[in-house]
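Encoded as C-alpha cells, the structure appears first; notes follow it.
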Amino acid sequence: MSHALETLIGHWKADPLSTYNTWFLWEERLKNFRSIRRGLAQVVKDIDAGTFGSAFRGSSLETVVGSVAEQRQIFKGADHAFLWKPKLRIPDIYENAINQQAFARLLHTCDCCNSAEEVIEAIRRIDARQIKGLGPAVANLLYFVHPTIVMPFNTAIVKGYNAVTGSSVKLGKWEHYLSMREGGLRLNAQHRNALSNDMGALAGLLFDIGSGRYAAPPRDDDAAALQGWEADLEKVREESAAAHKRWAAERESDATHTEIQGWLRDLGKSLGYGVWIASNDQGRSYQGGRLGDGCLTQLPAQARAGLDSVRLIDVIWVEADGSKVAAAFEVEHSTSIYSGIVRMLDLALGTELGAGVSMFLVAPDARREDVRSQLRRPAFTRVAELGIRYLPYSELGAHRDAIGRFGSGLKPLNEISHLL
C-alpha cells in the first residue's frame, strides 16, 4: 500500500479543494493556534475560580470550542461533543464540580508539559475517571496545544484511518484513540517527506478519505484495483476543477484581507507613523511588491517583550520616534473575531506599551452585528475596558485618501469608527 498511498498523497496535495490546500496551508490556521491555547487557559482559570458556570452556553469553553469548529471543514461540528445535553446529563463537566476540575487539570497539564509521555499520562488519568460523555473529542482541543503530538479526532478521520490501515478504531473510547494515534505516528513517519511533522496534515488526508472525497488506496499487488483507484483519483481532480470557483472565492477573501491591510499600511505612513505588518503576512504580494515593503522590521522593545501573538496583529502603527504603539488594527473579513480580540488583549494587557493604545476591528459593514454579538460573550468581559472601535470597510475606503492628505493623528479614524 505504501506506493499507492504516496500516489494518493501527491494527488491530495495537488487538489486545490483538499484539506491540505483549504485548511492545512491556510494562513489563519497558524494564527489561531495561540488564541485557542489562550482560550483553553481561560477555561482553566474560570474553573479554578468557580466562575465557569453549569452550562456550555455562555461559558469560556463555548467561545474557544466555537473557534475550533470554525477551522474550516475538518473541524466542522467539533462543538457538538461539548454541547450540554440535559436529558442525558452529558458531557458531565457542567454540573459535576469534581469532573469539571478533572477536565481543567487535563487542559492545564497538557498546556504545561512538553513530552508525548506526559500528554498520554494526562489522557489516561482523565479516562480513568470515566466521565460520562467526555471522550476523545477533547483531542481536537489538545491538538492546538501540541500539534506534533496529538492527532485530531472525528468520525471522518476515524473512517479514513480504518480504511487505510484495515483497523477497527471506534469512536468514543480513549484507548481506541490512543491506538489510532500510535498508528498515525508510524504512518506519518513513513511519509514524513510528503506530509509534515504537524499531525494535522495526516489528519486532513484521512478526513478526505473518510468523508468520501478519495477512496482508500488498495494493496500494491492488486493491479486491477490499482487501475480502478487511479481512475477514481482522476475523477476527483476533474471534480476539483469544476468546483474551482468556490476555492477562488476563498482566495478572493484572502486578497481582500490583504488589500485592507495595504490601505492601513499606506494610511499609517501618510500620517507619519511607523507601520508593522503581521509577521506572517509581510511577504504577501501587494501592488507589485510585498505587503511588508517599507514597514518596520521589528516592534518596539517593550512590545517584543510581551507575548508572541502581538507580532501577528494585522497592522500596528508606532509613533515616529518608536517610543509608543499608537494604534492596532485587526482585519476580520470573514473569519471569527475571536483570535483578533485575543491578540489585542495580549497587546493591551501583556506588554508595557499596551496601555492607552487605540484598537480597531476593521470589518465589512455587514459584520457589525456579528462583531457586537461576539463581544457580548463572557470571555470578553475585559474588552469593554479597552475601548475597541469598529471601523467599517466603507468608511475606511471612502475617507482614507482625505485622511492621508489632510488628517493628523488618530482623531479622523475615531470619527469614522464606532465604539463597541
Side-chain angles (χ1 to χ4, degrees), residues 4-33 36 67-78 140 143-144 147-148 151-157 159-161 163-164 184 187-188 190-217 229-230 232-259 261 278-286 290-291 312 331 333-336 339:
L5 187 56
E6 288 177 3
T7 301
L8 175 59
I9 293 172
H11 278 270
W12 176 66
K13 292 173 71 173
D15 179 359
L17 294 181
S18 70
T19 53
Y20 183 76
N21 287 294
T22 63
W23 173 70
F24 190 73
L25 296 184
W26 182 44
E27 293 182 357
E28 288 293 322
R29 182 182 78 93
L30 294 179
K31 292 178 73 171
N32 287 340
F33 268 82
I36 290 172
S67 184
V68 172
E70 290 174 346
Q71 283 278 298
R72 300 203 167 171
Q73 69 269 45
I74 188 171
F75 285 105
K76 184 178 181 180
N140 290 328
Y143 165 73
F144 287 93
T148 63
M151 188 172 173
F153 186 84
N154 61 27
T155 303
I157 293 172
K159 288 176 65 176
Y161 177 79
V164 168
L187 198 61
N188 197 55
Q190 293 169 9
H191 301 279
R192 178 67 55 80
N193 291 337
L195 292 171
S196 170
N197 194 41
D198 185 327
M199 295 296 288
L202 175 63
L205 173 66
L206 298 178
F207 176 89
D208 281 345
I209 294 172
S211 60
R213 181 164 189 80
Y214 298 103
W229 174 72
E230 288 172 354
D232 289 340
L233 280 182
E234 187 59 35
K235 181 180 179 182
V236 167
R237 177 174 288 179
E238 292 172 358
E239 291 172 350
S240 296
H244 193 78
K245 288 184 179 180
R246 184 178 51 184
W247 175 71
E250 293 175 357
R251 290 289 298 273
E252 183 179 348
S253 172
D254 291 340
T256 300
H257 186 282
T258 301
E259 181 182 26
Q261 284 178 287
S279 56
N280 62 329
D281 292 337
Q282 293 172 6
R284 286 192 175 193
S285 298
Y286 182 68
R290 298 295 180 184
L291 190 59
L312 298 176
V331 181
H333 184 70
S334 59
T335 56
S336 167
S339 298

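Small disclaimer: the values here were computed from a predicted structure and weren't measured.
- The two residues Val331 and Gln261 have their closest heavy-atom pair at CG2-CG, 4.2 Å.
- For the pair His191 and Glu6, the minimum side-chain heavy-atom distance is below 4.5 Å.
- A distance of 3.5 Å separates CG of Asp198 from OH of Tyr143, quoted to the nearest 0.5 Å.
- Side chain of Asn21 to backbone of Asp15: a donor-acceptor contact under 3.5 angstrom is found.
- No donor-acceptor pair closer than 3.5 Å links the side chain of Asn140 to the backbone N or O of Pro152.
- A side-chain donor-acceptor contact under 3.5 Å links Asp208 and Thr19.
- Going from atom CH2 of Trp12 over to atom OG1 of Thr7 covers 15.0 Å, rounded to the nearest 0.5 Å.
- Between atom CD of residue Gln190 and atom CG of residue Leu195 there is a gap of 10.5 Å, rounded to the nearest 0.5 Å.
- At least one donor-acceptor pair closer than 3.5 Å links the side chain of Asn154 to the backbone N or O of Ile74.
- Leu187 approaches Leu5 most closely through the heavy-atom pair CD1-CD2, 3.9 Å.
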**OP:** For the pair Met151 and Asn188, evaluate side chain to side chain contact (heavy atoms under 4.5 Å, CB included) and give the outcome as yes or no after the intermediate values.
**Re:** CA-CA 11 Å; Met151 188 172 173; Asn188 197 55; over 6 Å; no
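- Across Trp23 and Gly200, no two heavy atoms sit closer than the pair CZ3-O, 3.4 Å.
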Original post:
Should Leu30 and Phe33 be marked as a side chain to side chain contact (heavy atoms under 4.5 Å, CB included) after you check the CA-CA gap, both sets of side-chain angles, and the distance that decides it?
Top reply: CA-CA 5 Å; Leu30 294 179; Phe33 268 82; 4.2 Å; yes
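- Side chains of Ser285 and Arg290 form a contact here, defined as non-hydrogen atoms less than 4.5 Å apart.
- Contact between Ala156 and Phe207 at its shortest, heavy atoms only, is CB-CD1, 3.5 Å.
- Between the Lys13 side chain and the Ala194 main chain, a donor and an acceptor come within less than 3.5 Å of each other.
- Shortest non-hydrogen contact noted between Tyr161 and Gly184 is CE1-N, 3.9 Å.
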Subject >> Intermediate values then yes/no, side chain to side chain contact (heavy atoms under 4.5 Å, CB included), Ile209 and Leu8 >> reply: CA-CA 10 Å; Ile209 294 172; Leu8 175 59; 3.6 Å; yes
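- What you find for Ala4 and Pro217 is that their closest heavy atoms are CB-CB, 3.6 Å.
- Note that the CG atom of Asp281 and the CG atom of Leu312 stand 8.5 Å from one another [nearest 0.5 Å].
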**OP:** Decide yes or no on side chain to side chain contact (heavy atoms under 4.5 Å, CB included) for Glu70 and Asn32, but give the supporting numbers first.
**Re:** CA-CA 10 Å; Glu70 290 174 346; Asn32 287 340; over 6 Å; no
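- A donor-acceptor pair is defined here as one N or O able to donate and one able to accept, closer than 3.5 Å; no such pair exists between the side chain of Ser67 and the backbone of Ile36.
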